[in-house]
Each structure stands twice: as C-alpha cells, then as structure tokens.
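Labels below follow one simple rule: chain letters A, B, ... track the order of the sequence lines, proteins then strands, and each chain is numbered from 1. Hydrogens, waters and symmetry mates are skipped; everything else that's a heavy atom, side chains included, is used. It should be emphasised that the depicted structure is a prediction, and the values quoted were computed from it without experimental measurement.
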Amino acid sequence: MQKQDRLKKRAAFAYVYRKGERASAHNLLLLSAKSREGLKIGLSVTKKVGNAVTRNRVKRLLREAIGKIRPRIDEGYMYVLVAYPELATDSFEEVCAAVENAFSKAGKLVGEEQ
RNA sequence: CGAGUUAGCCAGACGGUCGCAUGAAAUAUUGAGGAAAGUCCGAGCAUCAUAGGGCAAGGGUGCCGGGUAACUCCCGGUGAAGGUGACUUCAAGGACAGUGCAACAGAAAACAACCGCCCGCAAGGGUAAGGAUGGAAACGUGAGGUAAGAGCUCACGCGCAAAUUGGCGACAAGGCGCGGUGUAAACCCCACUCGAUGCAAGAACGGAGGCAAAAAAGUGGCCCGCAAGCCUCCCAUUCGCUUGAGUCGUGCAGAAAUGUACGACCUAGAUAGAUGGCCGUCAAAUACAGAACUCGGCUUACAGACUAUCUCGCACA
RNA sequence: AGGAAUGUAGCUCAGUCGGUUAGAGCACCACCCUGAUAAGGUGGGGGUCAGUGGUUCGAGUCCACCCAUUCCUA
C-alpha cells in the first residue's frame, strides 16, 4: 500500500462517511465514494478495538491485505475501511478474505463477474 | 529434600523472501520498551520578557550523613513497627508558642468533681482510695502515712530527662531531676525551598488587517524598574528534532549510591503517524505492552527462563 | 502529546468544619380510593459511597496510589 494512495484529510473522511456506499463483510465495513484524485484508501480503527499495540497490528494486517489485491481495485473511488473489535482476534488469512470479500460485495474489483 | 528471603539478569535468536521509514541513491546502513504506560515528582530547553531587585499571598518538603545537574529520588546509618529467622515496612520535626476538635456513653474528655470518704450541729470546708462509661479518665502495683486522702514518702515498673562519656551527626550509654490525655494526612509554629506556562512551548519565510509614536501604547498579583515599536488572523512549508548530565569496556577511589581516567562507538526521528506477512531450525515463542522535544527518578502491569546469597524445618553423617 | 474535571440507590442529584442509623425527587413493590385505569393517599424495599491501602477512637468527607468516563488546547 503506497503512501500516495492513502486518504489523509479529515474533510475527505467526513465526505466518504456522508456520501459513500456501504458494504460489510465479516468484521469489516467498506465505504466507497467517487474520487477526483484517483485511488485513496483510509483506515479507521477506533479505541474500541483495543490498546495501541492491537490497533497498530490491525492496521498493518489491513495494509498488507490491501497490498495483495491492490492491482484489481477500481481506481476511481475513495475508500474507508472500518474495523470492528472482533477483527483483532482474526488471523492474517481471515483478514485477507474479509477485505477481498468486502471489495467484491461493493463491486469495486476489476475483471470479475458481479 | 521442603518452605522461604534478598540481589542481579534476559524480555527470543539465526537464516531466507516480499513490503514500510530513513537516505541523493544502491543488492548498503539503521529502525520501539523494561516499563515506551500513568503523568506523580525533579531538571534541561522555550516563551511571558531586554536585564534585574523587593514585598505579599499560596504551594511543597520534614530523623542523620553522603551521592547527584536537581529531586519528594538513590546509598549507608539511627529510631519505631512486624516476622521463629534471613529480612521487610515507615509523610519519622514541634502538642510546656497559641487556637480548635474529641460524636454517643459518662459525674467529668482538660482551669475536673456526680455518687462517695472525712471534719462539722449546720452553713461550709478538705479529698480523689472505690464507682458504671469510653479508643482514651489527670503515672501503674504494693507498702508506709492520714481525720479521710494524695508521688506526700519508699520499693519495683512505665514515660520525659540534666551533667558526663562515645559518635561528623541522627542517636546510644547514663541517670541529677520531673510527673506529663490524644489529635498537627485539624488550623498552625519552626527550618529549608519554589515566578508562571508548557514543543499543540516557540522561531523563520509568505499573505491580510489593526494600534501607537512622548501627557507614551505595552509590561507576570503588587511596587520599583524597563520600554519604540507592537497586536490579531490565515497558510502548516522549514526549523525546534536528536551528540546527550550519551552508550559500552577496562583501571583507580569508595562500605555503597556514585565519581574519575583512558579507549572505542554514533545507536529511531515518523507527522493519519514507519518494525509487518509467509517459510525453516532451536521442546515452546507465549506475558505486559508501541517512541512523538529530551533526560533522571517514582508508581503501576507482566508469561517464561537463568545466576548467586542467606534463613528456617526435617532427615542422614 | 500536554492540561483539567467528575465518579454516592435503577435514573437525576444533595451530603457544610470527619461523628452515632448516608438523604431528596422520579421509578419499583404492597395496600387504600374507583365498576376499572390514571391522578391522589399510606407504608415498604433497594447503597462494597468506582477500587486498594494509610492517618484517626471513628473516613462518603483527610492523604497516597489506581481504574473508568468526560471536557479543553492545532
């Protein structure tokens, strides 16, 4: 997951939360909204998930999982991934599956049948 | 062998591979902790403010000596409390400077006197042995003494404690003498000490607006003093930001904390915020937990492993 | 990251300078009233004072540590 692909501004997050389409999978929620600047992905891991160590771990797993399917994601959108507390106990494989499933449900994977 | 005590130490290692941060760049280098935590103390640094003095108010600390940049921290000792013991714990100055408080119960909770005892016809006076209460009752027990009694006297005991001796000192030994309720994490007294705010401090570059120029804007709570430039907003680029009371090793000084000399080393610096995924080997890799200006402590959380010290109990020699 | 505040009954809050058995309103339960309900009346239950330790004869109150929640600062 490249640095320029990240969603940073608070205003952008707020826009996606307000306008975005929602798609949930397992312990994840994916929000997506049209983007002018190409692909942007933000991660939201709240304090409910755990302490600083577990939150960092969840974010790393999500970045790793996104990096795997990065070429297949539709580039015209901004995305925000919200993690639920149960995600903290999942293994890497489960996280990968959840991320892929979420994007698939939202219809944002290129070269795949709906 | 069992149960304990104290001190120290580690906080996975190595290899492969795909990524992340640093970096001009590379197949290179480095890359979270013992607590990075809580934010409870002490400093550096910055601003208030260009430099400085005094006063008031308020806060902190509180046995002694040493260590330290400094501390409420550390080391060693003293005293007190706990433990069979090794050892552990302690906000540990002052209650004859003054004031307050001590509910209920009780005669009375601090300038004692209800019942009682004694003297006396009575009025009144003397007295505190005995009395229920209470956390605490005006030194305790016994004897002498007396009208009845009382440290009034004596013995033993408890508390305070002068001279003298030892110690740098706290203090210890000592005991002339004294007879004293408890509470200062109640106000307070004494001694020492502290300006406030915090890197979201603040500085530079750029843009917009406003105030003031000597009867002077402004200026930390006040006074003195200082004072010609100052204030507000926007942007969030750069600096602050990592070489520091630094780390490691050896020698020396010291009982220790620690200091010092020499040599070697440079060891995170992100900014929506870098350490992760997979595989292999080691019996196993698992606890608490993620740097955000930087140090020194304290406190709290914590799987497992190792080393040494001493104590007690049992058995055997 | 830095700074500050608050935890008392199911809910919202009192509790002064440490003192006997921690109160109030709403809610809850029972009874009265009504043909029945509401309102009203009478009575009752319910608290580890967030937690741990200390000071004191005695702590919701004082002190230290600690947990949770909330707010402020770009």
Side-chain angles (χ1 to χ4, degrees):
Chain A
M1 185 176 175
Q2 295 297 306
K3 206 169 183 178
Q4 63 264 23
D5 293 345
R6 289 184 194 165
L7 192 61
K8 295 184 180 180
K9 297 282 183 184
R10 177 167 174 74
F13 269 85
Y15 177 79
V16 173
Y17 272 104
R18 201 170 61 249
K19 300 269 184 177
E21 305 167 24
R22 293 164 184 250
S24 64
H26 195 42
N27 293 322
L28 270 177
L29 175 67
L30 176 69
L31 295 137
S32 47
K34 286 262 185 188
S35 170
R36 291 180 193 165
E37 303 163 17
L39 181 66
K40 291 284 178 189
I41 300 178
L43 300 177
S44 175
V45 183
T46 61
K47 272 191 175 175
K48 284 178 190 168
V49 174
N51 58 22
V53 173
T54 43
R55 290 203 303 274
N56 274 339
R57 179 173 166 75
V58 167
K59 281 188 269 187
R60 288 192 194 111
L61 291 178
L62 286 174
R63 278 192 214 115
E64 197 74 27
I66 289 165
K68 275 187 152 185
I69 60 165
R70 163 81 174 83
R72 294 156 60 201
I73 296 173
D74 190 336
E75 301 216 348
Y77 291 84
M78 297 191 288
Y79 303 97
V80 172
L81 274 168
V82 181
Y84 293 124
E86 291 76 19
L87 197 69
T89 53
D90 288 352
S91 69
F92 178 63
E93 287 82 6
E94 290 174 289
V95 173
C96 281
V99 169
E100 192 166 355
N101 190 15
F103 276 96
S104 173
K105 268 191 172 180
K108 296 295 185 294
L109 285 184
V110 183
E112 219 175 72
E113 309 296 314
Q114 288 290 320

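Residue-to-nucleotide proximity on RNA chain B shows that, of A:K59 and A:E93, the 5′-proximal contact is made by A:K59.
A gap of 12 Å separates the C1' atoms of B:G167 and B:C64, to the nearest Å. As rounded to the nearest Å, C:G51 and B:U68 have P atoms that lie 46 Å from one another. Comparing B:A43 with C:G60, their C1' atoms are spaced 39 Å from each other, to the whole Å. Nucleotides B:U299 and B:C75 have their P atoms positioned 11 Å apart, rounded to a whole Å. Between C:U21 and C:A4, the two P atoms lie 39 Å apart (nearest whole Å). Look at the C1' atom in both B:U5 and B:U183: the space between them is 38 Å, to the nearest Å. Taking atom P on both B:G297 and B:A161, the two are 40 Å apart, rounded to the nearest angstrom. Using P as the reference atom, B:U300 and B:A49 are 43 Å apart when rounded to the nearest Å.
Taking all atoms of both residues into account, the shortest heavy-atom contact from A:A33 to A:G20 is CB-CA, 4.1 Å.
Rounding to whole angstrom units, CD of residue A:E64 and P of B:C279 are separated by 13 Å. The distance between atom CG of A:L43 and atom C1' of B:A274, rounded to the nearest whole Å, is 14 Å. Following rounding to the nearest Å, A:R63 (CZ) and B:C20 (P) show an atom-to-atom distance of 12 Å. Between the CZ atom of A:R55 and the C1' atom of B:A292 there is a distance of 14 Å, given to the nearest Å. As a whole-Å value, the separation of A:F92 CZ from B:G276 P is 13 Å. Distance A:I69 CD1 to B:G19 C1': 16 Å, rounded to the nearest Å.
When both pairing distances are held under 3.5 Å, C:C66 makes no Watson-Crick or G-U pair with any nucleotide shown. The partner of B:G263 is B:C248, judged by Watson-Crick or G-U wobble contacts that both fall below 3.5 Å. Pairing for B:U50 is absent, judged as Watson-Crick or G-U wobble with the two contacts each under 3.5 Å. Pair assignment for B:G198: B:C45, on the basis of Watson-Crick or G-U wobble contacts that are both within less than 3.5 Å. Across every strand in view, B:C298 sits in a pair with B:G38 that passes the Watson-Crick or G-U test at under 3.5 angstrom. Judged by Watson-Crick or G-U wobble contacts below 3.5 Å, the nucleotide B:C288 has B:G33 as its partner. Checking C:U48 for Watson-Crick or G-U wobble geometry (two distances, each under 3.5 Å) identifies no partner in any strand. In this structure, B:C282 forms a base pair with B:G12, meeting either the Watson-Crick or the G-U wobble geometry with both donor-acceptor distances under 3.5 Å.
Against the 90° criterion about 0, the sugar-base torsion of B:G34 places it in the syn range. In B:U242 the O4'-C1'-N dihedral to the base is within 90° of 0, which defines a syn nucleotide. C:A24 adopts an anti glycosidic conformation, its chi angle falling more than 90° from 0. Look at B:G52: its glycosidic torsion is beyond 90° from 0, and that puts it in the anti range. Classification of C:U56 as syn follows from a glycosidic angle within 90° of 0.
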Kindly indicate, with the supporting measurements, whether the criterion side chain to side chain contact (heavy atoms under 4.5 Å, CB included) is fulfilled by A:V53 and A:R57.
CA-CA 6 Å; A:V53 173; A:R57 179 173 166 75; 5.7 Å; no

Apply side chain to side chain contact (heavy atoms under 4.5 Å, CB included) to A:V82 and A:L28, showing your working.
CA-CA 6 Å; A:V82 181; A:L28 270 177; over 6 Å; no

Test side chain to side chain contact (heavy atoms under 4.5 Å, CB included) applied to A:E100 and A:K105, step by step
CA-CA 9 Å; A:E100 192 166 355; A:K105 268 191 172 180; over 6 Å; no

Verify side chain to side chain contact (heavy atoms under 4.5 Å, CB included) between A:L43 and A:R63, making sure each step is shown before the conclusion.
CA-CA 9 Å; A:L43 300 177; A:R63 278 192 214 115; 4.0 Å; yes

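With contacts defined as side-chain heavy-atom distances shorter than 4.5 Å, the pair A:Y79/A:V16 does not qualify. Counting heavy atoms from C-beta on, the side chains of A:V99 and A:I69 come closer than 4.5 Å. Side-chain contact check for A:E21 versus A:K108: some heavy-atom pair is nearer than 4.5 Å. With a 4.5 Å cut-off on side-chain heavy atoms, A:L31 and A:L81 do not count as touching.
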Protein-nucleotides 288-290 of chain B N/O pairs closer than 3.5 Å?
residue: B:G290; atom: N7; partner: A:N56; partner atom: ND2; Å: 3.1
residue: B:G290; atom: O6; partner: A:R60; partner atom: NH1; Å: 2.9
residue: B:G290; atom: O6; partner: A:R60; partner atom: NH2; Å: 3.4

